[in-house]
Number of protein chains: 4
Amino acid sequence: MAETRGTSGPDSARRSERSRRAIYDAALTLVGEVGYGRTTIEGIAARAGVGKQTIYRWWPSKGAVLLEAFLDLGDRAARAAGGGEAAYEIPDTGDLEADLKTVLRATVDEMNDPVYEAPSRALAAEGIADAELGAEFTRKLLEPSLRLYARRLGAAREAGAVRREIDLDVALELLVGPLAHRWLLRTLPLTHEYADAVVEYALYGLAPRP
Amino acid sequence: MAETRGTSGPDSARRSERSRRAIYDAALTLVGEVGYGRTTIEGIAARAGVGKQTIYRWWPSKGAVLLEAFLDLGDRAARAAGGGEAAYEIPDTGDLEADLKTVLRATVDEMNDPVYEAPSRALAAEGIADAELGAEFTRKLLEPSLRLYARRLGAAREAGAVRREIDLDVALELLVGPLAHRWLLRTLPLTHEYADAVVEYALYGLAPRP
Amino acid sequence: MAETRGTSGPDSARRSERSRRAIYDAALTLVGEVGYGRTTIEGIAARAGVGKQTIYRWWPSKGAVLLEAFLDLGDRAARAAGGGEAAYEIPDTGDLEADLKTVLRATVDEMNDPVYEAPSRALAAEGIADAELGAEFTRKLLEPSLRLYARRLGAAREAGAVRREIDLDVALELLVGPLAHRWLLRTLPLTHEYADAVVEYALYGLAPRP
Amino acid sequence: MAETRGTSGPDSARRSERSRRAIYDAALTLVGEVGYGRTTIEGIAARAGVGKQTIYRWWPSKGAVLLEAFLDLGDRAARAAGGGEAAYEIPDTGDLEADLKTVLRATVDEMNDPVYEAPSRALAAEGIADAELGAEFTRKLLEPSLRLYARRLGAAREAGAVRREIDLDVALELLVGPLAHRWLLRTLPLTHEYADAVVEYALYGLAPRP
DNA sequence: TCGTAAACGAGACGGTACGTCGCGTCTTTAT
DNA sequence: ATAAAGACGCGACGTACCGTCTCGTTTACGA
């Protein structure tokens, strides 16, 4: 009992799992093949062998479908990799600079991976224009990652590698902001060297003054 | 030298200046009124009192129209303000930190100005998704501004306020990257305090080691 | 037997009868109001309160729409008039000349009726230029009428009022050809007297030689 | 003096003959190649190497261009054939039936000639729909031919081969109406046998009663 | 012989309609 | 009740031509 009755939304208990999967697959495939702009809901439905209404019943927009498909993709990848639970965590070897370089280099690789590039650029673009979707994008995809940085930097602050008065939210953006800038705006190539330089410059700015 | 001969495009010498202006105005107005997504080429044409073909003849896409309209807006503003020439320059009072705070605070204000927000977010989003347009966006709008930072930082490096080995392209992204990040992804409010903090943290990272 | 299977055209079982009717009405009204040339598919759709695609889904051209609308008009008129079935038949009073004069005079009246004139001229013109449409026009509108003449002339031949060796297809065109000629090419006024003269001259040519 | 001054139309004395010819040629060629419906004024102008305005200056419509082009074609053909003047005349060997069969068989051949078919069908269709153009079509192309029939039939009436009271305008339509009918409406093949039958049936109807 | 006014080629322009695509809704039929 | 299928009203797309309107450039005439 005790469902949110009265809202008269569709009954998610009776939802077809096979359709959901087919829609995720079709959406990601199409975005990869023809790009986000030329991906259509009709196209996704046709490719998934699904009625249009089945998409409209469960998602409010094309962007929302893709966002969920993308999240699902990440989940599956994590489940496959992590075996189970802990999924992602920034390593803590005690050497903050080395740890951040490792992570940011991995981030650079992911950003340059053509498989992820098309859908994530599309989602970012859509999120920039559409505040609603952008909030969901940020909440579900971005913030979990950013919190990992905050945690690692917090640990470093405890350990004395970062000044006490540093605002961690600003600090982490000092690290990821430059990378995002280069990726989104394609100003210059996004390389490991760039990631290293960002870490070095930024960390020195955050370190305790002698 | 040679004109782009043989491409046999339309004859820009015979182009109607009045139509161009009307299209810029209509485009900006509509984006302001109904947003970029609901702005259509048909709508721009109608509002401008212009045939659709006159738009398609001179621009390849809605985004391109808006980009030019936006550039033109900037030009006109600059011409009105600067009286003539020098236009934009980052001040150099000798105090790098103060100068950068001034500029980044102004940038924050501009990013928060609802008049500029709609079209520039739309352009950024479009440029992220469409590499072609993105390149033009970067080249015409972004790079000129970024070069000003590079120049100011170069002067600071000469003056000994920045380490010799610092890569200026990385340094400037350490400053603007975090701002762009917050603006584009709406993670947290974009305030003067944030700009100040970014400048402080970053500059300390760039300063000569004692 | 077999339906046209595999062609995967639209499913006519799900066709909206109300749209069909509205389109017929709009088409006929518009042709009456502004003429065939200035009647557009867009106009028909707007007037009928229907999407353009609903027209393009079911008809290949403006002419085809009007032809069906016209046929439907005839059907409805026939159904209203005839009460049911027998509809049109050339009378057979035994006096061939009188019977033909009656029918041809009625035809003249119809041709001169401004209500029918606009659409039927338009259809004739379209059919002359477009062989495909012309065939349909002929098959659905013209031939049924012409067969009535053939039947009546056949009866007359049995009765000895027409020579045995006369080719009925030629004979009937001797009657209707001149009327059509005058109507289509507007050489001279199309009157009852003209119809009578045609019948007299032609019948004398077909009658048994003394 | 005494020009039609004040009408301020273009000065036909300064008209470019080479353009006129090029336009005729282009028009006829295009109608032959793509049909009348897909022939456009822009297309004619481009093909003729002529500005659009040069067409609009001298003709009111596409149909008018084609009509003149067609008349000119006839004129040139006649001039080439007739050597000079008399051009067309229905022969008068004293045998009306034979003479008419000769002429109508030639007419049948012309109607079946694919070179003439496209433009003349187009003109006929246009003339049927557009009364203005139709009148010009009839006056310039049709009536001259029909008058030849009237003359020949008049001679026959003088010679006693046609009844005195016969109306020649009706009589000639008894001959050409059936042919036009078959040609325009494509009811049945248009053959020499058909022409012969029409002549026989019709003439018997016109002949003096024994 | 030369100026000058026209006709001319070229094609940009404001429009209208085209035929197509995709949207989001709705209806029908079959699980 | 959900789902596949797809017709529907609608709005915008990008294109094709329309007929009008400049633009220089011939070109033929009349001074």
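Chain letters run A, B, ... following the sequence lines, proteins first and then strands; every chain starts at 1.
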Query - 4.5 Å side-chain heavy-atom contact, B:Arg57 and B:Thr54 - result: yes

Report task. Answer yes or no: is there a side-chain heavy-atom contact under 4.5 Å between D:Trp59 and D:Ile41? Result -> no

Report task. List for me each residue that meets side chain to side chain contact (heavy atoms under 4.5 Å, CB included) alongside B:Ala26, sequence neighbours excluded, and say none if there are none. Result -> B:Ile44, B:Arg47, B:Ala48

Query raised in the report: Are the side chain of C:Lys52 and the backbone of C:Ala45 linked by a donor-acceptor contact shorter than 3.5 Å?
Result: no

Query raised in the report: Ignoring hydrogens and geometry, is there a side-chain-to-backbone donor-acceptor pair from D:Thr40 to D:Gly43 under 3.5 Å?
Result: yes

Query raised in the report: Does atom CZ of D:Arg139 have more than 12 heavy-atom neighbours from other groups under 6.0 Å away?
Result: yes

Report task. Tell me, yes or no, whether the heavy-atom count around B:Arg76 atom CZ, taken from other residues, nucleotides or ligands under 6.0 Å, exceeds 12. Result -> yes

Report summary line: Here the pair of heavy atoms bringing B:Glu132 nearest to B:Asp130 is N-OD1, 2.9 Å

Query raised in the report: D:Leu66 and D:Ala122: which non-hydrogen atoms are nearest, and at how many Å?
Result: CD2-CB, 4.4 Å

Report task. Describe, as an angle rounded to 10 degrees, how the axis at the first end of the helix from E:dT1-F:dA31 to E:dT31-F:dA1 is tilted relative to the axis at the last end, five pairs per end. Result -> 10°

Query raised in the report: chain A on DNA chain E: first and last contacting nucleotide, 5' to 3', under 4.0 Å to a heavy atom?
Result: E:dG22 to E:dC26

Report summary line: Expected string for nucleotides 6-15 of chain F under the B/S/- scheme (protein heavy atoms, under 4.0 Å, primed atoms plus P, OP1, OP2 as sugar-phosphate) is BBBSB-BBBB

**Report entry** Close approaches to DNA chain E from residues 121-129 of chain C, in residue order (heavy atom, under 4.0 Å)
**Finding:** none

Query raised in the report: Going from CD on A:Glu68 to CG on A:Asp75, what distance comes out if it is rounded to the nearest 0.5 angstrom?
Result: 10.5 Å

Query raised in the report: Who pairs with D:Trp58 by side chain to side chain donor-acceptor pair (under 3.5 Å), at least two apart in sequence or on another chain?
Result: none

Query raised in the report: Given the rule in the side chain to side chain contact (heavy atoms under 4.5 Å, CB included) test, do D:Tyr36 and D:Arg121 qualify, once you have shown the distances and angles that lead to the verdict?
Result: CA-CA 9 Å; D:Tyr36 179 78; D:Arg121 287 195 97 89; over 6 Å; no

